[in-house]
Every structure is written in C-alpha cells, then in structure tokens.
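I have placed the structure first, in the form of structure tokens, so that the comments after it can refer back to it.
Proteins come first, then strands; the chains are lettered A, B, ... in the order of their sequence lines, and each starts at number 1.
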There are 2 protein chains.
Amino acid sequence: MQSYTEENYLKIIYHLSAVNNPVQTNAIAERMQTKAASVTDMLKKLSEKELVDYVKYQGVTLTEKGKLTAINIVRKHRLWEVFLVEKLNFKWDEVHEVAEELEHIKSTLLVERLDEFLDFPKVDPHGDPIPDQHGNFADLSFIKLSKLKVNEKGTITGVSEHSSPFLKHLEKLGLTLGKKIEVSEIIDFDGSVELLIDSEKLNISREVAKHILISK
Amino acid sequence: MQSYTEENYLKIIYHLSAVNNPVQTNAIAERMQTKAASVTDMLKKLSEKELVDYVKYQGVTLTEKGKLTAINIVRKHRLWEVFLVEKLNFKWDEVHEVAEELEHIKSTLLVERLDEFLDFPKVDPHGDPIPDQHGNFADLSFIKLSKLKVNEKGTITGVSEHSSPFLKHLEKLGLTLGKKIEVSEIIDFDGSVELLIDSEKLNISREVAKHILISK
DNA sequence: TAAAAAATTTAGATTTGTCTAAATATTAAA
DNA sequence: TTTAATATTTAGACAAATCTAAATTTTTTA
Ligand SMILES: [Mn+2]
Ligand SMILES: [Mn+2]
Ligand SMILES: [Mn+2]
Ligand SMILES: [Mn+2]
C-alpha cells in the first residue's frame with residue numbers, strides 16, 4: 001500500500017515520462033512544488049518498493065508495478081471528474097482540485113461502481129482518455145488545432161492545458177468539447193487563427209489554438 | 001485548517017461526549033486505536049488551536065468551534081453513506097469504511113452539491129440524522145426495541161450498532177429500516193423478543209433488540 | 001486515611017516527509 | 001579538454017504523529 005504522497009509522486013512521474021523518459025529529478029521537484037533533495041529521498045524509497053527503476057544522477061523510470069499504480073490513480077482522477085461534471089453540475093474548470101483529493105480514496109468496489117454509475121465513460125471532461133481497470137486506454141488520436149491548415153475541419157475533443165483561466169476562456173468563446181470547427185484563415189501577422197463555428201467567425205490566438213485538440 | 005488526524009480526533013471526541021462529558025483520555029485512545037500518550041499529545045495540540053477545552057487529568061470538551069468542525073465531518077460522512085447506498089448500490093454494511101475516507105474531502109461546494117443531488121436526505125442508511133450546513137439536526141426520537149412491551153408496535157428507523165456482522169444479520173432476518181413490527185411476546189427465560197413482521201413470527205435475542213431503534 | 005489500582009502525563013525515541021546548505025557529478029561552453 | 005554552469009545527491013535538522021517506559025495524579029478500596 002502506498003501513502004498519499006507516494007501516489008502523487010508516481011502519478012507525476014507517469015505524466016512526465018510521456019514527455020521525457022527517464023524522468024529528471026528537477027522536473028519532478030517542480031511539479032510536486034518541492035525541492036530536489038526531497039525528490040531524491042522519495043525516489044530511493046519508491047525504488048526500494050520496486051515501483052521505479054532509479055539510477056543515481058540518471059533519472060527514474062516506472063516499473064510495470066509502478067506504472068499500473070499510476071494509471072489506476074489517473075483512472076480514479078478522471079472518473080471523479082466525470083462524476084463532478086455530469087452528476088454534480090461542476091464546471092470543467094472546477095473539478096481538478098477536488099479530483100486531486102478524491103483520486104486517493106482506496107476502495108476498488110467504489111471505483112468500479114462509480115464507473116458503472118457513470119455508464120463507463122471513455123473520456124473525462126477535458127477529453128482525456130479514461131483507462132479501464134486493467135490500465136488500457138482507448139487510443140484516441142488528436143491533432144492540435146494550431147496544426148490545421150486553412151479550410152480544414154474537425155471537432156474539438158480535448159484540451160492540453162487544464163488551468164481554470166484557460167478553460168473559462170474557452171467556455172466564454174463557446175469552444176467546448178464536441179463543437180465542430182473549420183479554419184477559415186490563419187493571420188500572417190501574429191499566427192492567430194480565424195475559425196468558423198456554427199457559421200460564426202471567431203479569432204483565437206495561436207497560444208490558445210495550441211492547446212485545443214481536434215479530431216476529424 | 002485541520003489535518004486528517006485532527007479531524008478524526010474531533011469526530012471521536014464528539015461522539016464520545018454524547019455519552020460522557022468531559023471525555024477521558026483512555027476512551028479516546030481506545031476509539032482511535034492508539035495509545036493514551038499519543039492522545040495526550042494531540043489534546044494539547046487541539047487545545048492550542050482552541051478546538052477543545054482541555055484540563056490535565058480532568059478530560060476534554062469540544063469548544064463551539066471544535067463542535068462545528070466535528071459536526072461537519074459527521075455531515076459529510078453520512079451524506080457519502082447515502083450516496084454509496086442510493087446511487088452506487090452498496091449494502092448498508094459496506095459503506096462505513098469508505099465514508100471514513102470520503103468524509104475528509106475538503107470542498108464545501110462538493111458537499112452542498114452532493115446534498116442536493118441526494119435530494120437533501122435527513123437520515124443516513126443506518127437511520128442516523130444528517131445535520132444541515134449550520135450543524136442543526138432534525139430531532140428524531142427513537143426507543144430501543146428492547147424497551148417495548150408486549151403488544152406495542154413501531155417502525156424500525158435506526159440501529160445503534162454499525163458493525164458489518166450485525167447489519168448483515170439484520171438484513172438476513174428482514175429487519176431493515178422502514179419495517180413495521182409488533183412485540184408479540186417477551187420470553188422470560190432469556191429475555192429474547194418475539195416479533196410480528198408482515199404477520200410472520202420472528203424471535204430475536206435481547207442483545208439484538210437493544211441495538212434496533214424504533215419510532216412509533 | 002493510607003495503600004493499591006487505575007488513569008494520565010512526561011521523557012525520550014522513531015518514522016515520514018520535508019527543508020537548507022554543502023558536496024559531488026554531469027553537461028555545456030570556451 | 002579544461003572551465004563553468006547545471007543538475008543531483010548527501011548531510012544534518014525539523015515538524016507531525018506515533019510509540020514505550022517511567023513518573024505522576026486521581027480514584028478506589030480496605
Ligand atoms: Mn484533472
Ligand atoms: Mn481531466
Ligand atoms: Mn458510518
Ligand atoms: Mn451511518
């Protein structure tokens with residue numbers, strides 16, 4: 001059994017390793033809002049428990065056991081986010097903090113019943129895929145909206161930035177999951193993107209476009 | 001803000017003080033499954049935070065602030081139990097352990113939305129009253145089934161023992177909340193009670209009868 | 001009311017997770 | 001390829017919550 005803290009380390013290592021493997025001490029420290037020295041201590045402990053492979057100065061990789069543990073936490077996090085939005089009418093920018101706490105509740109029965117109650121959702125309110133109880137993800141293919149060319153069409157199916165200000169901004173612009181969009185123009189001057197949504201024109205910054213995920 | 005551990009102490013002091021006020025160190029130690037010395041340490045800390053009034057060797061009492069904190073945890077515990085039974089099809093003997101974890105989740109919005117989602121329940125799956133957000137309980141009056149005389153009738157509205165074996169036993173006997181019963185005989189020999197439920201006779205031990213709560 | 005028993009507190013350690021400052025290793029630059 | 005910069009680890013401390021063993025206080029019993 002892992003502590004709350006150990007679970008958070010595993011989850012963060014899991015997310016970071018998607019970008020860069022093995023994962024570096026400083027990267028973990030930044031995400032955990034702690035100091036590198038504390039991370040080193042924890043890596044030794046997780047290594048002792050065979051949840052990570054850790055080589056001094058070289059970085060850390062999850063073992064199979066560590067990976068499954070991490071994925072299970074991600075599963076719980078995302079299921080709770082769906083619950084909060086679908087059943088308790090939370091906004092998509094309000095769920096993350098609470099899910100950070102709920103993801104540590106231990107009962108397996110609870111998770112499986114929650115999954116069933118929510119009708120086995122495949123994605124969370126931000127379009128992130130929800131792994132099944134064996135840790136398998138349905139593979140969804142996304143493209144960044146910023147990669148689309150003029151006249152290309154697609155549907156908003158995710159976001160790669162989860163901060164409340166960003167999500168609220170999208171909401172205000174009407175850029176929510178499921179919306180169909182078409183790129184009508186890409187402005188030379190600043191790279192901003194002009195979209196057609198419901199036959200209305202809308203200009204968004206390149207920065208925003210980079211964090212909107214599209215499927216065709 | 002209190003730690004998970006502090007919250008558990010406050011909740012236990014709250015429950016114990018209903019039986020015996022001020023609450024004694026050893027009583028707390030037993031309920032917390034810890035040692036008296038650890039309790040003394042924590043009482044000093046809670047006293048420091050003005051959550052309890054503590055006099056060395058004399059025992060401890062909750063302050064108004066401590067009491068409200070404790071009641072809020074009880075509120076969350078019971079709401080989550082309702083959720084587990086009503087929405088996730090848990091049995092009444094399966095909910096307590098999970099609720100022990102869920103009761104510490106911090107979001108106020110979550111609690112109020114959950115309350116609404118559950119349609120503002122007044123009692124939990126064991127018949128225990130759920131306080132409102134201000135800490136007020138609807139006052140329900142119970143009598144122990146063991147206090148009823150022959151020919152008296154009533155409805156099962158609660159239990160005063162929450163262990164899984166006891167609850168499963170009641171379930172098997174059909175003695176669930178809402179059932180109407182009548183005492184048809186009290187056996188001299190062992191004090192056991194003969195009931196009429198749905199015109200069927202059922203004999204239960206005095207020990208069981210003591211933990212079933214009746215309203216008329 | 002003095003001794004014995006029970007309850008409680010203090011003293012001193014331990015574990016977990018954290019920190020700062022100093023030492024060491026790795027990587028990048030000159 | 002030596003030096004400088006960056007990344008990481010070690011050493012030593014600390015706060016929270018716990019424990020055991022010993023000391024103290026309160027309560028009960030004789
Ligand atoms: Mn999230
Ligand atoms: Mn999410
Ligand atoms: Mn309970
Ligand atoms: Mn209950």
Side-chain angles (χ1 to χ4, degrees), chain A residues 1-17 19-62 66 69-70 73 100-101 103-104 106, chain B residues 1-17 19-62 66 69-70 73 100-101 103-104 106:
Chain A
M1 201 81 304
Q2 293 80 227
S3 72
Y4 188 105
T5 310
E6 286 166 0
E7 289 190 348
N8 282 331
Y9 272 94
L10 290 174
K11 188 182 56 164
I12 280 173
I13 294 167
Y14 173 75
H15 286 309
L16 288 171
S17 68
V19 178
N20 203 329
N21 200 283
V23 179
Q24 301 195 94
T25 302
N26 269 350
I28 299 170
E30 193 185 344
R31 282 280 206 109
M32 281 291 292
Q33 310 223 65
T34 185
K35 299 299 154 76
S38 308
V39 174
T40 301
D41 290 342
M42 181 57 80
L43 294 183
K44 285 178 187 167
K45 188 177 162 194
L46 293 175
S47 178
E48 199 61 47
K49 293 190 173 190
E50 302 195 313
L51 292 159
V52 300
D53 289 320
Y54 168 57
V55 183
K56 255 195 201 181
Y57 291 102
Q58 299 308 301
V60 71
T61 309
L62 292 174
T69 306
I73 298 161
E100 284 291 303
E101 291 188 56
E103 71 189 6
H104 299 287
K106 292 190 174 20
Chain B
M1 200 81 305
Q2 293 80 228
S3 71
Y4 187 107
T5 309
E6 286 166 3
E7 289 191 347
N8 281 332
Y9 271 95
L10 290 174
K11 187 183 57 167
I12 281 173
I13 294 166
Y14 173 75
H15 286 308
L16 288 171
S17 68
V19 178
N20 203 328
N21 201 284
V23 179
Q24 302 195 93
T25 302
N26 270 349
I28 299 169
E30 192 185 345
R31 281 281 206 108
M32 281 292 290
Q33 310 223 63
T34 186
K35 298 300 155 74
S38 308
V39 174
T40 302
D41 289 342
M42 181 56 81
L43 295 182
K44 285 179 186 166
K45 189 178 161 194
L46 293 175
S47 177
E48 200 59 47
K49 292 190 172 189
E50 303 196 313
L51 293 160
V52 300
D53 289 321
Y54 168 57
V55 184
K56 252 195 205 182
Y57 291 102
Q58 300 307 302
V60 70
T61 309
L62 291 174
T69 306
I73 299 161
E100 285 291 303
E101 291 188 57
E103 71 189 7
H104 299 288
K106 294 194 171 17

Phosphate contact (dC19(D) OP1 or OP2) by T34(B) side-chain N/O below 4.0 Å: yes
side-chain contact (heavy atoms from CB on, under 4.5 Å) assessment of T61(B) paired with V52(B): CA-CA 6 Å; T61(B) 309; V52(B) 300; over 6 Å; no
Whole angstrom value for the distance that separates P of dA7(C) from CG of N26(B): 6 Å
Any donor-acceptor pair under 3.5 Å from S38(A) side chain to T34(A) backbone: no
Rounded interatomic separation in angstrom, taking CD from E30(B) and C1' from dA7(C): 13 Å
Nearest-Å distance for atom pair CG/P, residues L46(B) and dT18(D): 11 Å
Distance below 4.0 Å between Y9(A) side-chain N/O and dT16(C) OP1 or OP2: no
Distance, rounded to the nearest Å, where Q2(B) contributes CD and dA16(D) contributes C1': 15 Å
Residues forming a salt bridge (Lys or Arg N to Asp or Glu O under 4.0 Å) with E7(B), sequence neighbours excluded: none
Sugar-phosphate only, base, or nothing, as touched by T5(B) at under 4.0 Å among non-hydrogen atoms: sugar-phosphate
Residue pair L46(B), L10(B): steps toward the side-chain contact (heavy atoms from CB on, under 4.5 Å) verdict: CA-CA 9 Å; L46(B) 293 175; L10(B) 290 174; 4.1 Å; yes
side-chain N/O Q24(A) vs dT8(D) OP1/OP2, d < 4.0 Å: yes
Flag, side chain of E101(B) to backbone of K106(A), donor-acceptor distance under 3.5 Å: yes
Verdict with supporting geometry, K11(B) and E100(B), salt bridge (charged side-chain N to carboxylate O under 4.0 Å, His left out): CA-CA 11 Å; K11(B) 187 183 57 167; E100(B) 285 291 303; 2.9 Å; yes
Given DNA chain C, 5'-ward residue of the pair Y4(A) and K35(A), judged by closest heavy atom: Y4(A)
Nucleotide-resolved protein contact map, nucleotides 9-15 of chain D, B/S/- at heavy-atom distance under 4.0 Å: BB-----
